[in-house]
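Presented below is the structure to which this report refers.
Lettering follows sequence order; numbering is per chain, from 1. Note that the coordinates shown come from a computational prediction; the quantities given were computed from them, not determined experimentally. For the numbers below, each heavy atom of this structure counts, side chains included, while hydrogens, waters and symmetry mates do not.
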Amino acid sequence: MPELPEVETVANGVNQRVRGERIESVWLGSKPEPFKTGPSEMAKILTGRRIERVYRIGKHIVFDLDGNDAPQWIVHLGMTGRLLVSAASASVPLHTHAILKLTTGRELRFVDPRRFGRLALQKRVNSSGFQGPGHEPLTISIEQFTSLFRGRKTTIKAALLNQKLLHGVGNIYADESLFRVGIRPTRMAGRLTREQLARLRSALQEVMQHAIAMGGSSVSDYVDADGVKGYFQLEHRVYMRGGQPCLVCGTSIRRIVLAGRGTHFCPMCQK
DNA sequence: ATACCGACCTGTCAGC
DNA sequence: TGCTGACAGGTCGGTA
């Protein structure tokens with residue numbers, strides 16, 4: 001489900017609702033567990049901690065916890081993960097894998113039907129926290145951005161999805177940003193000009209900032225921390241519009257499979 | 001080192 | 001109505 005704008009929306013929403021609260025008790029269920037750390041160890045470490053801050057790095061949601069040498073709690077939503085702040089009396093959805101009971105009586109719940117999501121504890125190294133695998137798309141400089149793709153013998157679509165280069169870009173925003181700059185997803189990343197890459201960086205940042213402002217894209221079951229849908233899916237110009245007319249020129253939008261993912265583009269507008 | 005491909009899961013929808 | 005297959009926003013491990 002979630003890419004950078006959706007994860008940002010969820011992280012901000014959770015931060016506003018649970019920042020400063022203490023974790024009273026922890027329930028971790030389901031098998032096989034979507035946990036990198038063993039569930040009993042994770043529950044033990046989380047219990048009693050105060051949540052100091054919740055924020056996004058790449059597609060990861062990072063929980064800063066109080067206490068000396070406290071690890072960070074990392075949540076990855078996978079494709080269908082949700083992180084909800086609910087009243088304890090609210091019914092527990094199917095596929096709930098974790099419940100953190102907070103001192104205010106509310107619960108932080110992790111729900112994930114497809115179980116592609118992951119929960120992990122991350123030790124701080126030299127007091128520096130979780131860094132993520134790649135560069136942050138919203139703040140990367142033009143210089144850094146263009147150097148990421150230099151000499152790369154793969155398609156620009158695959159390169160955009162590679163989390164070790166940029167983290168946070170997923171299938172929707174890769175397709176949407178490439179459409180907005182008129183670049184075909186099949187183009188070799190290393191063959192793009194510096195000028196094209198500079199425009200791609202701007203388009204990626206604009207489309208993601210716009211999506212954050214609209215609460216993310218709700219394509220199937222994405223919702224924020226209150227269970228509210230985003231609206232950016234109404235702004236999609238190519239994603240999931242295969243066979244429909246291009247909004248700019250009217251040509252039928254093509255859908256192909258690239259890097260194992262559904263890929264959408266306008267054969268007229270994108271060269 | 002780098003890149004492709006299938007696997008991991010469940011749910012939904014189109015087509016028969 | 002009910003079955004089957006294709007597809008879904010992500011990542012990982014094995015293989016080339």
C:dC7, C:dT11, B:dG11: which one has an atom nearest the side-chain heavy atoms of A:Lys59? C:dT11
Which residues satisfy the side-chain contact (heavy atoms from CB on, under 4.5 Å) test with A:Thr251, sequence neighbours excluded? A:Cys249, A:Cys266, A:Pro267, A:Met268
By nearest atom, which of the nucleotides C:dT11, C:dA8, B:dA3 is closest to the A:Gln163 side chain? C:dT11
Does C:dT11 have A:Phe116 stacked on its base, where the ring centres are within less than 5.5 Å and the planes differ by under 30°? no
Students often get this wrong, so: under 4.0 angstrom with heavy atoms, is A:Gly170 touching a base, only sugar-phosphate, or nothing? sugar-phosphate
Who are the side-chain contact (heavy atoms from CB on, under 4.5 Å) partners of A:Asp66, not counting sequence neighbours? A:Arg22, A:Arg49, A:Arg50, A:Glu52
Cation-pi check, A:Arg237 to A:Tyr239: give yes when NZ or CZ is under 6.0 Å from the six-membered ring centre and within 45° of the ring axis, no otherwise. no
So for atom CZ, which belongs to A:Arg17, do other residues, nucleotides or ligands contribute more than 12 heavy atoms lying within a distance under 6.0 Å? yes
Count the heavy atoms belonging to other residues, nucleotides or ligands that lie under 6.0 Å from NZ of A:Lys164, then report whether that count exceeds 12. no
Under 6.0 Å from the CZ atom of A:Arg191, do we count more than 12 heavy atoms belonging to anything else shown? no
Give the nucleotide from the list B:dC4, C:dA8, C:dG10 with an atom nearest to the side chain of A:Thr154. B:dC4
Stems of at least 3 consecutive Watson-Crick or G-U wobble pairs (donor-acceptor distances under 3.5 Å) involving DNA chain C, listed by first number, are B:2-8 with C:10-16, B:10-16 with C:2-8
